[in-house]
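Every value quoted in this text rests on a predicted model; they were computed, and no experiment measured them. Both counts, for ligands and for their atoms, begin at 1 and track the order of listing.
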Amino acid sequence: MTAISTWMKEERRDLEMNEYHEQYWGSFIKRISPKDEIKGKTVLDFGCGCGGFLRMLHDQRQFKDGVGIDIAEKSLETARSLVANRPIEYLLAKDADKFKGKVDYAFSYEVIYLMQDLAEHADFIGSFLKPGGVYYAATGCHTGNPQWFDWKKIIVNESVLPLKDYAPDDFVDAFQAKGWKVGVCRLDHRDFVSVVHKDYFPKVEDAIRYYADDIQVFRFEKQK
Ligand SMILES: C[S@@+](CC[C@H](N)C(=O)[O-])C[C@H]1O[C@@H](n2cnc3c(N)ncnc32)[C@H](O)[C@@H]1O
């Protein structure tokens with residue numbers, strides 16, 4: 001995949017997006033099953049952008065080491081500048097081979113819907129995970145979101161990658177076809193939501209519904 005500068009056409013909005021998502025990552029972390037112990041393990045964040053999710057996960061769950069992967073070189077630079085002394089590397093996929101077969105838990109937040117080929121994506125994540133490793137992917141960008149087709153027009157306008165129209169079943173089917181075990185739940189964010197994006201959320205209820213109900217968290221478990 002050819003590298004890009006930032007996913008958002010306006011560079012400053014890339015870090016803004018990472019800071020905006022921060023309020024919801026806590027709910028994503030809460031959805032991690034109690035049987036999945038993160039402490040002391042190796043983790044991967046796919047489509048890490050400016051890297052905030054791994055910084056939060058490390059501060060809350062003290063993983064041993066982590067890698068954030070993205071195709072956006074400027075976002076990775078920003079992520080590196082913010083890492084402080086945490087054991088995290090932020091890399092382009094082509095530079096991350098040393099993590100292949102070493103990862104216990106992979107994550108992605110609002111990235112899986114950008115994949116052009118879900119079977120290829122399952123293989124890519126699978127190449128990093130150990131046998132029995134788990135991939136948590138969260139997204140509300142799917143046709144089950146009643147606003148998806150309006151959002152698609154906005155996202156296409158403000159970002160640089162093409163979009164498809166996935167139903168939640170498409171994510172499930174792609175991983176099941178590869179022999180992964182799949183579970184799904186809602187993000188179920190029951191805290192305050194930010195009300196800054198009137199274009200995405202014309203009504204306050206839209207934002208409340210999106211973060212409680214539309215964002216789904218998929219748990220994909222690779223075969224042992
Ligand atoms: C909507 S942003 C989400 C960023 C971050 N996960 C967050 O929570 O703020 C999507 C990210 O996925 C990255 N991305 C898209 N396609 C990718 C690919 N094929 N490989 C790696 N990263 C990708 C983009 O560059 C962008 O940083």
Side-chain angles (χ1 to χ4, degrees), residues 1-29 31 43-58 66-80 82-83 88-97 99-100 103 105-128 135-142 145 148 151-152 154-164 166 171 174 187 189 194 196-197 199-200 210-211 214-218:
M1 184 70 148
T2 321
I4 56 175
S5 175
T6 54
W7 176 67
M8 296 293 263
K9 284 179 187 159
E10 271 187 79
E11 199 180 304
R12 70 176 172 83
R13 292 202 51 209
D14 214 57
L15 182 56
E16 275 173 22
M17 173 185 56
N18 217 234
E19 288 167 347
Y20 171 79
H21 282 164
E22 190 173 341
Q23 62 195 309
Y24 307 113
W25 294 326
S27 295
F28 187 26
I29 294 171
R31 298 285 80 77
V43 306
L44 179 153
D45 181 20
F46 180 76
C48 61
C50 299
F53 174 73
L54 276 187
R55 294 191 292 276
M56 178 184 280
L57 187 66
H58 185 261
V67 58
I69 291 181
D70 209 288
I71 46 168
E73 293 187 291
K74 270 261 153 62
S75 313
L76 289 169
E77 262 174 43
T78 306
R80 287 180 203 119
L82 297 170
V83 74
I88 306 172
E89 289 183 69
Y90 294 106
L91 301 170
L92 291 170
K94 71 175 176 57
D95 300 326
D97 276 2
F99 286 93
K100 288 216 162 150
V103 172
Y105 295 102
F107 297 87
S108 70
Y109 186 86
E110 295 286 32
V111 182
I112 194 170
Y113 73 99
L114 294 170
M115 298 300 99
Q116 294 300 299
D117 183 333
L118 292 173
E120 208 176 84
H121 180 56
D123 288 343
F124 180 83
I125 296 289
S127 72
F128 284 91
Y135 173 37
Y136 283 94
T139 189
C141 291
H142 51 69
N145 166 3
W148 170 244
W151 282 29
K152 190 179 173 187
I154 304 173
I155 298 172
V156 161
N157 227 356
E158 63 186 17
S159 65
V160 300
L161 296 177
L163 289 176
K164 293 195 130 179
Y166 288 121
F171 304 130
L187 182 68
H189 177 79
S194 158
V196 290
H197 290 299
D199 44 352
Y200 284 85
Y210 184 71
Y211 290 103
D214 295 339
I215 296 199
Q216 299 180 3
V217 178
F218 299 86

Would you say Asp45 and ligand 1 have an N/O pair spaced under 3.5 Å apart?
no

Minimum side-chain heavy-atom gap Val43-Ile88 below 4.5 Å:
no

Is there a ring pair (Phe, Tyr, Trp, His ring centres under 6.0 Å) between Tyr109 and Phe28 once you walk through the steps?
CA-CA 8 Å; Tyr109 186 86; Phe28 187 26; 5.8 Å; yes

Compute the shortest N/O to N/O distance between Gly47 and ligand 1 and return yes if it is under 3.5 Å, no if not.
yes

Suppose I only count heavy atoms of Ala72 and a 4.0 Å limit; which atoms of ligand 1 are within that range?
25 (O)

Would you mind running through ligand 1 and noting each atom that sits below 4.0 Å from a heavy atom of Gly49?
27 (O)

Please state which part of Thr6 comes within less than 4.0 Å of ligand 1, counting heavy atoms only: side chain, backbone, both or neither.
neither

For residues 112-122, the side chain to side chain donor-acceptor pair (under 3.5 Å) pairs (sequence neighbours left out) are His121-Tyr135

I want to check something: taking the side chain as every heavy atom from C-beta on, are Asp14 and Met17 in contact at a cut-off of under 4.5 Å?
yes

Below 3.5 Å, N or O to N or O, backbone or side chain included: is there any such pair between Asp70 and ligand 1?
yes

Compute the shortest N/O to N/O distance between Asn18 and ligand 1 and return yes if it is under 3.5 Å, no if not.
yes

Quick check on the 6.0 Å ring-centre criterion: do Tyr200 and Tyr210 meet it?
no

Taking only non-hydrogen atoms of Leu161 and a 4.0 Å limit, the atoms of ligand 1 in range are 15 (C), 16 (N)

Would you say ligand 1 has an N or O under 3.5 Å from any N or O of Tyr113?
no

How far is atom 20 (N) of ligand 1 from the closest protein heavy atom, and which atom is that?
Phe46 CZ, 3.2 Å

Suppose we call two aromatic rings close when their centres sit under 6.0 Å apart. Are Phe124 and Phe46 close by that rule?
yes

Would a 4.5 Å heavy-atom cut-off, applied to side chains only, mark Phe99 and Ile69 as touching?
no

Within the 3.5 Å criterion, strictly below it, is a donor on Ser75 or Asp70 matched to an acceptor on the partner's side chain?
no

Just so I know, are the side chains of Tyr90 and Leu82 near enough to count as touching, which here means a heavy-atom distance under 4.5 Å?
no

Answer with side chain, backbone, both or neither: which part of Val111 has a heavy atom less than 4.0 angstrom from an atom of ligand 1?
side chain

Would you check the N or O atoms of Tyr109, main chain and side chain alike, for any that come under 3.5 Å of an N or O of ligand 1?
yes

Please answer whether the main-chain N or O of Gly140 pairs with a side-chain N or O of Asp214 as donor and acceptor at a distance below 3.5 Å.
no

Per-atom filter on ligand 1: closer than 4.0 angstrom to a heavy atom of Leu114 are 10 (C), 15 (C)

Among Met8, Met17, Met115, which residue places a heavy atom closest to atom 2 (S) of ligand 1?
Met17

How long is the straight-line distance from OG1 of Thr6 back to CG of Leu76, given to the nearest 0.5 Å?
11.0 Å

What protein heavy atom is closest to atom 7 (C) of ligand 1, reported as residue, atom name and distance in Å?
His21 ND1, 3.2 Å

Starting from atom 23 (C) of ligand 1, locate the nearest protein heavy atom and write down its residue, its atom name and how far away it is, to 0.1 Å.
Ile71 CG1, 3.6 Å

Heavy-atom contact check, 4.0 Å cutoff: does Trp25 meet ligand 1?
yes

